[in-house]
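Notes for the one structure printed next.
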Amino acid sequence: MILLAHMLLGALIGQKVNPAILAGILAFLSHYFLDFLPHNEYDIEKIKQKEWKSAKSQILNVLLDFFSGLLLILLFSSRTPMVFVCAFLAIIPDGLSVL
């Protein structure tokens, strides 16, 4: 799934759920919940294979996706630190798969 959806759900959890530790756990687990739903993913094979010269368009897609999510969170959230922490926690599994 695209990062944007994971970030937005993580941010929503960070804004609505207390205590903070529960929000962090739920934000991380929300990634797997969204991945459970049928969806399309964009291709990042060149990035995984570290073929940097031919991966420029894939890197651009990932960066655009990430910054779109960040912009929407900045525009529509309470901008508390927990919102951003949970948005980050919700995309960690995708980051680990690239590494």
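We number each residue from 1, following the sequence as shown.
- Here the CG atom belonging to Asp94 is positioned 10.5 Å from the CD1 atom belonging to Ile2, to the nearest 0.5 angstrom.
- Residue Ile73 holds its CD1 atom at 10.0 Å from CG of Leu12, rounded to the nearest 0.5 Å.
- The number of heavy-atom neighbours closer than 6.0 Å to CG of Leu60, taken from other residues, nucleotides and ligands shown, is above 12.
- Taking a 6.0 Å sphere around CZ of Phe36, one finds it holds 12 or fewer heavy atoms contributed by other residues, nucleotides or ligands.
- The closest side-chain heavy-atom distance from Ile59 to Trp52 is below 4.5 Å.
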Quick one, Asn61 with Asp65, criterion side chain to side chain contact (heavy atoms under 4.5 Å, CB included). Give me CA distance, side-chain angles, the key distance, then yes/no.
CA-CA 6 Å; Asn61 282 341; Asp65 189 17; over 6 Å; no
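- The NE2 atom of His6 lies 11.5 Å from the CZ atom of Phe33; values are rounded to the nearest 0.5 Å.
- Between Leu4 and Gly69 the shortest heavy-atom distance is CD1-N, 3.4 Å.
- Leu70 and Leu64 are assigned to two separate hydrophobic clusters, defined by single-linkage of ILVMFWY side chains at heavy-atom distances under 4.5 Å.
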When the side chains of residues 78-92 are checked against the rest of the protein, which donor-acceptor pairs come out under 3.5 Å, sequence neighbours left out?
from  : atom 1 : to    : atom 2 : distance (Å)
Arg79 : NE     : Leu74 : O      : 2.7
Arg79 : NH2    : Leu74 : O      : 2.9

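- Residues satisfying the side chain to side chain donor-acceptor pair (under 3.5 Å) criterion with Gln58, sequence neighbours excluded, are Asp43.
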